[in-house]
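The figures that follow rest on heavy atoms only: side chains count, while hydrogens, waters and symmetry mates do not. Just so we're on the same page: letters track the sequence lines, and every chain starts at 1.
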Amino acid sequence: MALLEIRNITKIFGGLIALRDVSFDVNSSEIVGLIGPNGAGKSTLFNIISGFHHPDKGRILYKDVQINGLEIDRIARMGIGRIFQEPTLFMQETVFENVISGLHRHYQEAAWKALLHTPGANREENNKRDKALGILEFMELSSLKDELAANLPHGWQRVLAIAIALASEPDLLLLDEPVTGMNPSETASMIEKIRQIRERGVTVLIVEHDMRAVMSLCDRIIVLNLGVKLVEGTPDKIKNDERVIEAYLGKQVL
Amino acid sequence: MSPGLFIQLIVNALTIGSIYILMVLGLDIILRGTKILNFAHGQLYMLGAYVLLLFFQTLNLNFALALILSGATLALVGALSYLGVFAVLSRRFTVSTTFSYRLLLSAMASVGLMMILQQGTLLCFGTQERGILSPFPQIIDVFGVRISLTRVVIIFLSILICIGLFFLMYKTRFGKIMRAVSYDPEAVTLQGINTFWIFVSCFALGSALAGLAGGIIAPLFSVTPSMGQNIIFMSFLVLLVGGIGSYRGTIAGGLLVGLLLSFGFQFLGGIAELFVFILVIVILVFRPGGLLGEATE
Amino acid sequence: MKLLNSSTVSRNSRLKLGAIIVALAVLIILPLCIESDYIKHLLIMVCIGTILGMTFSMLYSAGLITLGAAAFYAVGAYTSTMLVTSLGLSFWAALPLTIIISAVLSLGFGAIFVRNAGVAFVIITLIFVQVIVIAAGQIEFLGGWGGIMNIPRPDSLGPVEFVSKRDCYYLILAILLLIVVIYNAIYSSRIGRAWRAIKLSPNLAGTLGINAYRYRLLAFVIGSTTAALAGCFYAHYFQNITPGAFAGWLSIYVQLYAVLGGLEFYILGPAIGSVIMTFVPEYLRVVKEIEPIITGLLLLIIILFFPGGILGTIKNPPDFNLTQLKSRLNRMRISKAQGDKS
C-alpha cells in the first residue's frame, strides 16, 4: 500500500481542464518530483491533495483513507504538511513564534493550568520551546529566531515556511517550489536539507522547475503537461524521454 | 389582483431594482478595484440628488445635462475622497498587512467620511424635504394600464447607464485594466501601468454611479438628507444576495429585491423589509457568498 | 495579552501586578468619591461599553469584523426582560437562562454567518442587527417601537439592594472584571493562539490543523453571549428598553472604542476607548449638530495617522513615511548578516 494514492483525478475550472485523469503513487520514504511546464496543473494537484480544492472526478487515498472532500485542517491533522508558492507565513510574528505555531496541534494544555503555571504546563512550555529551537537549528534559522517574518528576505522566508511545516510533524510533506529563486549554493544546501528530512522519516512530494535539483534529489519523477500525466519514472528515464523534451520545447531543461 | 395592478407592481419593481443595481454596481466596482467597503456610498447617492437639484432646479438646465453634470461632479467627489482619505491610508499597508486589517481600517475610514458628509449635508441644506417637479409628469397608457412616465424613464436611463458601463468595462482597454486590477494588481503594475490612478478611477466611477442613481431617482422621490442612510442598508443587502464580485449577480439580486419590495410593500406593508432580510439569510445558508458571487478572503 | 509570564517572577511582572492592584483599588473606591448620580451613570455605561468593545475585539482577534455588536446586546436585554416581566422570574434566575439562550441562538446564527468570508461577514452582521431591531419594533409582544418600561432592578443580594447607582456600578464592575479574567485566560490559551494564527493567515493555519470555521464560530458564540450578558444587566439597570437604543450608531461606536484604544489590545483597548468616547463629549459640551462631524473627523484622524490607537501609538511611536523604508532596510541588514540568501 502506497502512502499516497492519486487515482484518476480530474479538475475543471470554468471551461479549463486543469487536470485530467491523473494517477500515480507515492510510497513511504520516497522523494517524488512533480514537474511540467507552466500550467501543467502541478499546483492545482497540490491544492487538491491538501484540501484547498475538491476534484471533480477521482479519489485520493492517504494511508488507505479517502481524503478528497475532507477539510483542510482534517487533512493536515492526518499528517500532510505543505508549503505554498507565495510566501505564506505569520508575517507579524517572529521566526521563533512562527515555528511554535506550527506545533499547535500536538499540544493540549488546559487554559487554567497554563495561567497558573502548574508544573505540567511549564514542562509543556519548555518542551515546545526546545522542539522549536531544534527545528530552527536543523533549518539553520537559529540566528534569525527573533526577526519578524515580514523582514526576512524571500529565500529565508521559504526556509521558514518549511520549518513551520516540519513543526507539525507530517508524514507527507508537499513542497511547492522550495528552491525557486535561490542561487546555486542555497539550492545545494536546501537539497541536502530535504534529504535529511527524508532521513527523519518524512515522505516528500516536490514540485520544482529547477531541473538539476529535481534530477539529483528525486527517486522518481512524474511529468505533467497540460493537465495530463505524460510519463513517470526514474530521473534517468525521464531525462531521455522524447515526450518530456518535446513538452518543454525550447526551455532550458536538462 | 388585477392585471393592471400586476403590471404597475412590475414597473415599480423594475424602478426600485434598477436604482439598487446602479448603486451596487458602483459599490462593487469600488470594492473589487480598491478592496474598500465604502460606507459613505449612500451619502454619494444623496449628494447626487442634491447636485441634480442644483443644476436642474436652481440653474434650470436641461434634465439630461443636469444628470450628466451630477455624475461628473460625483465622480470628482469620489476621486477627491480617495485621494484625501484612502490613498493616504493605503500608504501604511505593506505586503504583509492582513486582509482583515485593511478591510477594517478602510471601512472605518469610510464610516468617518460618511458621518462628515451626512452631517455636513444636513447642516448645509437643512432637514426639509425638497421635491423636484418631474420633467416627465405624464401618465402613459399601456394596454389600458396607467403607468407614470417618470418610472419608465428611470428604468430606461438605468438600462442605458448599465449598457454604457458594460461597454466601458468589457470593450475598452481602460475597462479591461480596471478589471485586471481587481484580480491581480501586481501584474498590472508589471505592465507599466500606474495602478494608483486606476484606483482613483474605480472610486470615481463607483461614486458617479451612486450619484447618477440619486439624480435619476430625484424626480420620483423627495430629496432629503436621510436618503443616504436609508439606501445604504438595502444596497449592502443586494450586494450580499447577488454575491460580491459578480455583475450578473448584482443585476439578479437587484431585480429580486426590487420584486420583493414592490410586491411586499403592497401586500405586507412595513414587514416587507423583514422578509427580504430573512430571504438573505436563507440564501446564505445554501450559498455562502451570495447567489452568484465568490466571497473571497 | 499575557499578564503573567513564565515561571520566573520578573520585575516586569511585579510592576504589572502592582499596576493592576492600583487600578482595581481606584475602580472600587471611585463611586464612593463621586456625588453626582449622572457621573455614576456614565461610569456604568463605560463598563457596558468596555464589555461590548471587548466582544468586538474578540472577533477581530480571530480575523472577523462585526458591525453587529449590538445585536446580541439587544437579544440579552429583551430575553432577560421577557423572562422577568412575563414569566415572573427573578433577575438572578433570568441571568443564567439568558446566557444559555443567547449561547444557543448565537451558535445557530453563527453557524450560518461564519461560513462567509471577510466582506460578506461584515455586511451580514450589519443586516443582522437591523433585523433584530426591526423585529423587536414590529412585534407587539416585545413592546413594539415604544419598548418596555418599568423593568425591575435586580433583587437584593443580602444587604445589597440594587437601588442606588453605586450598587449597580459594583454589579457591572464585578461582571466586567469576571469577563476580563475569563477573556484573558482564553487569549492566553490554545484557543487564543489558534485565533491569532487564523487572523494572520487562515490558509497557513489550516495546513497546521487549525479549523478556521470552528474557532471563529467559538469566538462568535463567546462574544455574542458576553454581549447578551451586558444587555441583561442594561435592561434591569436602565429599567426601560426600546429597539431604538440598540440601532444605528451603537455598533459603530463599539468599533470605535476598540480602534481608538488600540486594536491589538483586546482588553485594555476597548476600555480606554470607552472611557474617552463616553466622557470627552460630556466635557467638550459640543453643539449637538456638530458632534457627528467631530466624531467623523476624529475617526479619520485616528485611522489615517494613528491606526494603532492610543495604546498602539504609545507602544510604537509612528514615523510617517518611514515604514516602507524601514522594512527595506531591515531586509538589507539581514541579507548582509546571512551572507546574502535573497
Would you find a donor on one side and an acceptor on the other, under 3.5 Å apart, between the side chain of Arg105(A) and the backbone of Gly209(C)? no

For atom [atom1] of [X], decide whether the heavy atoms of other residues, nucleotides or ligands shown that lie under 6.0 angstrom number more than 12.
X: Tyr62(A); atom1: OH; result: yes
X: Arg214(C); atom1: CZ; result: no
X: Arg74(A); atom1: CZ; result: no
X: Glu137(A); atom1: CD; result: no

Is Phe52(A) close to Asn203(C) at the side-chain level, that is, under 4.5 Å between some pair of heavy atoms? yes

Relative to chain C, which segment of Ser50(A) carries a heavy atom at a distance below 4.5 Å: side chain, backbone, both, or neither? neither

For Ala76(A) versus Gly206(C), what's the shortest heavy-atom pair and its separation? CB-O, 3.4 Å

Nearest 0.5 Å, please: how far is [atom2] in [Y] from [atom1] in [X]?
X: Leu208(C); Y: Asn98(A); atom1: CG; atom2: CG; value: 9.5 Å
X: Ser101(A); Y: Ile210(C); atom1: OG; atom2: CD1; value: 7.0 Å
X: Thr207(C); Y: Ile164(A); atom1: OG1; atom2: CD1; value: 8.0 Å
X: Ile72(A); Y: Tyr213(C); atom1: CD1; atom2: OH; value: 15.0 Å
X: Leu204(C); Y: Phe84(A); atom1: CG; atom2: CZ; value: 6.5 Å
X: His104(A); Y: Arg193(C); atom1: NE2; atom2: CZ; value: 6.5 Å

Side chain, backbone, both or neither: which part of Ala212(C) has a non-hydrogen atom closer than 4.5 Å to chain A? neither

Among Glu147(A), Gln92(A), Gln157(A), residue most engaged with chain C (heavy-atom pairs, under 4.5 Å): Glu147(A)

